[in-house]
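A short write-up of the structure that comes next.
Order of the sequence lines sets the chain letters (A, B, ...), proteins ahead of strands, with each chain counted from 1. Quick note: numbers below take in every heavy atom, side chains included, and nothing from hydrogens, waters or symmetry partners. The structure presented is a predicted model; accordingly, all values stated were derived computationally and were not measured.
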Amino acid sequence: MKSFEYVAPKSLKEATGMLAETWGDTEILAGGTDLVTGLKQGITEPKRVVSLRNLPELRGIKSEQGGVRLGSMTTLAELSESSILKREFPSLVTAAKGVSSPQIMSVGTVGGDLCQRPRCWYFRNGYGLFAKQGENSLARTGENRYHAIFATDGPALFVSPSGLAPAFIALGATITVSGPNGRSRKIAAADFFQIPKSQDERETVLRPNEILTEIFIPSAGLRNATYEIRHRHGLDWPYVTTSVAFKVKDGVASDAKVVLGHVAPTPWMARDASNTLNGARIDDNLASKSAEAATKGANPLSQNAYKVPMLKAAVRRAVLAAAAG
Amino acid sequence: MIKAVETEVWGTGGNQGYNPPPIPYVFTKVPNTRLIGKGIRTNRGEQRAWRAPNHPQACFLTMAALEDAAAALKMDALQFFLKNVSLTDRAEVYTEELNKAAELIGYHQKAHLRGDPKPGPVKRGLGIAMHTWGGRGHPSECDVTIHPDGAVEAKLGSQDLGTGTRTVIRMIVAETLGLPLDAVDVRLGKNDYPRSGASGGSTTIGGVSVSSRKAATEALNALLSTVAPRLGTGADNLEATAGVIRQADNPGNKIPWKEACRLLGATPITKRGVNNPGESQAAHLIDQGVGGVQMADVSVDVETGVVTMNEMVAVQDCGLIINLKTAESQVFGALIMGITYSLYEEAVYDSFTGRMLNADMEFYRLAGIKDVGSLKVHMMTGEGYDERGVIGLGEPPVISPGAAISNAVANALGLRVPELPLTPDRVLTALQKGGKLV
């Protein structure tokens, strides 16, 4: 690990002022479960690390008129134990619990989960976001069992690692980020992620000198659930995650969103799967149809076609779990 | 009965040579066998020893083929193994162990022919495997010193891998001298201690138990010679027990240990015990050749490919067991290690760069507490086992898990997933191919 300057500012304005305008010069430290690994692996070598530990205003879960506000420094453990969230947004609680390591959950934060870097083993071994050696895409020709099955025509083949993002998107959450001089902007969770077009871009639309401060989840009366498939029963990355949310009136679904995780470089909106649910009566058969629709557009790499049937299971089970709510 | 086993195997020792695994494994008396082994050199590091080298592979390939044969015959797998047990070197022992394992896992209540007939995506199955190992004991020398103040030291250039070597040496020396455990100081791991073998091949316990027993016996005999005149009887008529030295045929005539040692004056007694493996085996102090049977109970989700361990049972013999707890611990540890290599553990290399991609604890997965299910261990003891002497246990119990778990998955799914580890992607791929290899 290279030496860096460590600062822990006491106000948000001070904190954003300490961030550089280009990626890589500074990094934000929240829980550190991802950043510290990245520092050790040498995939980021910042001159300055800006800790958010002295910003208590970024912590906490508040129930408000019209929804729930989550501070970005709220830990995954706090999230998973919140009675408000358990009652209204079980999909989020399931996603947080899916992290399953008590150590990571007690220090890892909501903002950190959304902004963590991909786990692609080529990226982590120093071959960059696009996993290249020379012109050769190692992820395309090599060990891609854990890589994307959607949007695989571009250079980015890693999968979005966020556990919470599919649930936030399905629930229609809004993310607030704060920039220099206290300027803040609101971004729909669905628009927060991007597929980087060059190695200089990151996986979100967050700018280098912005800090993710809070997430607002509207109380829209949605039934919701997350289903995650992973190899180990304890700490492990999912192969596939599905978060769903929909309204149910007289047994018929509307406003459905089916969002997939760990299958594309961003959380993946399965629009056909969502449309299949809208206006229909939720049952086993409909869940299977939605699952089938979720695989539309999947274009697996050489080693990960297995994710397609796995994805169907995750979608079907998430839809049924939400309906059972 | 099995009439013939024909095997063709490929394997790699990395950039070094390759020895094919011994197949048929355990069922060595099959009358007709042919084994063709082909080594493939690769641009990778040379092969290194792993607990029970080549045995897990031999066991996996043999036991999977036997279970496949039973399935093809539509015959219960346990019945098939029992029917062919005379083709093993130790038919009586394996029969006893198969029946014991079946009892512990509830085989007769749970077993079904290949393919769980129950509806739903989660299929359950049982699998069996049998293994063998040598053991014996490596050359070992040990010095036991009895000090005039009554202190006792055992020194040997051995090592404790965390498996209980230190505990066992202390037990042997203390029992030989009739002292409590905490009266003996065991010192290991220095070059100036007497030579004792490296830990490998499950030979440590056989080596150190003989050398420490002999050293303690000789040191005691020397002490008894010093004490005999004081008690007015011959050294041959003395015994050390419960912290005293006493006349064997008149236990009231005795002297406490410390007082006895004070008779040594200023000179401690140091005696060296030596294990010569051949002689020790002839004297039934140690032996070689153990057996074990393991059974696995798994659930497989056919929609996600995830294998869940419900239960694993290990029945193991290893001659005379000196400390039951540390012996059982060895087997529990082996089961966890075995579940790990059966379901999770895998080194992934990029073929273009030659780089290992998962040299971390994130994607080089080890089983965690939620992954191992319930574990049961039964050690065979008593007549037929104890009189064989001490036999090493380190390697044998890690051999069977791969085969037993693979057989259980085949029994659940109705088809063979032909690789280890049994990762969800491989299970789903095998289901898509309907059990065909390509």
Looking just at side-chain N and O atoms, do A/W237 and B/E362 make a donor-acceptor pair shorter than 3.5 Å?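 Yes, a side-chain donor-acceptor pair sits under 3.5 Å.
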So, B/T308 and A/H233: side-chain donor and acceptor under 3.5 Å apart, yes or no?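 Indeed, the side chains of B/T308 and A/H233 share at least one donor-acceptor pair under 3.5 Å.
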Just wondering, more than 12 heavy atoms not from A/K289 lying within 6.0 Å of its NZ?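 It does not: A/K289 NZ has 12 such atoms or fewer within range.
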Considering residues, nucleotides and ligands other than A/K86, do more than 12 of their heavy atoms fall under 6.0 Å from its NZ?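 Correct, the count exceeds 12.
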Rounded distance (nearest 0.5 Å) linking atom [atom1] of [X] with atom [atom2] of [Y]:
X      : Y      : atom1 : atom2 : result
A/Y227 : B/T304 : OH    : OG1   : 6.0 Å
B/L428 : A/K307 : CG    : NZ    : 12.5 Å
B/N358 : A/R124 : CG    : CZ    : 14.5 Å
B/F363 : A/E143 : CZ    : CD    : 12.5 Å
A/R232 : B/I369 : CZ    : CD1   : 13.0 Å
A/N125 : B/D360 : CG    : CG    : 7.5 Å

Can you confirm whether B/D425 sits close enough to A/Y239 that some side-chain heavy atom of one is under 4.5 Å from a side-chain heavy atom of the other?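 A side-chain contact exists here, since the closest heavy-atom pair is under 4.5 Å.
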Compare all side-chain heavy atoms of A/Y127 with those of B/T353 and state whether any distance is below 4.5 angstrom.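 Yes, side chains in contact.
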So which of B/R426, B/K370, B/R355 has the biggest tally of heavy-atom pairs under 4.5 Å with chain A?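 Of B/R426, B/K370, B/R355, B/R355 has the most heavy-atom pairs under 4.5 Å with chain A.
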If you count heavy-atom pairs under 4.5 Å between each of [options] and chain B, which one has the most?
options                        : result
A/I229, A/N304, A/V240, A/T141 : A/I229
A/Q133, A/R119, A/K312         : A/R119
A/L235, A/N136, A/L311, A/T37  : A/N136

Check B/T423 against A/H231 and note the closest heavy-atom contact, atom names and distance.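 So the minimum-distance heavy-atom pair works out to CG2-CE1, 3.5 Å.
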Where on B/V427 is there a heavy atom nearer than 4.5 Å to chain A: the side chain, the backbone, both, or neither?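 For B/V427, neither part sits under 4.5 Å from chain A.
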Between B/D301 and A/R317, does at least one N-O distance fall below 4.0 Å, as a salt bridge requires?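 Answer for the salt bridge query: yes.
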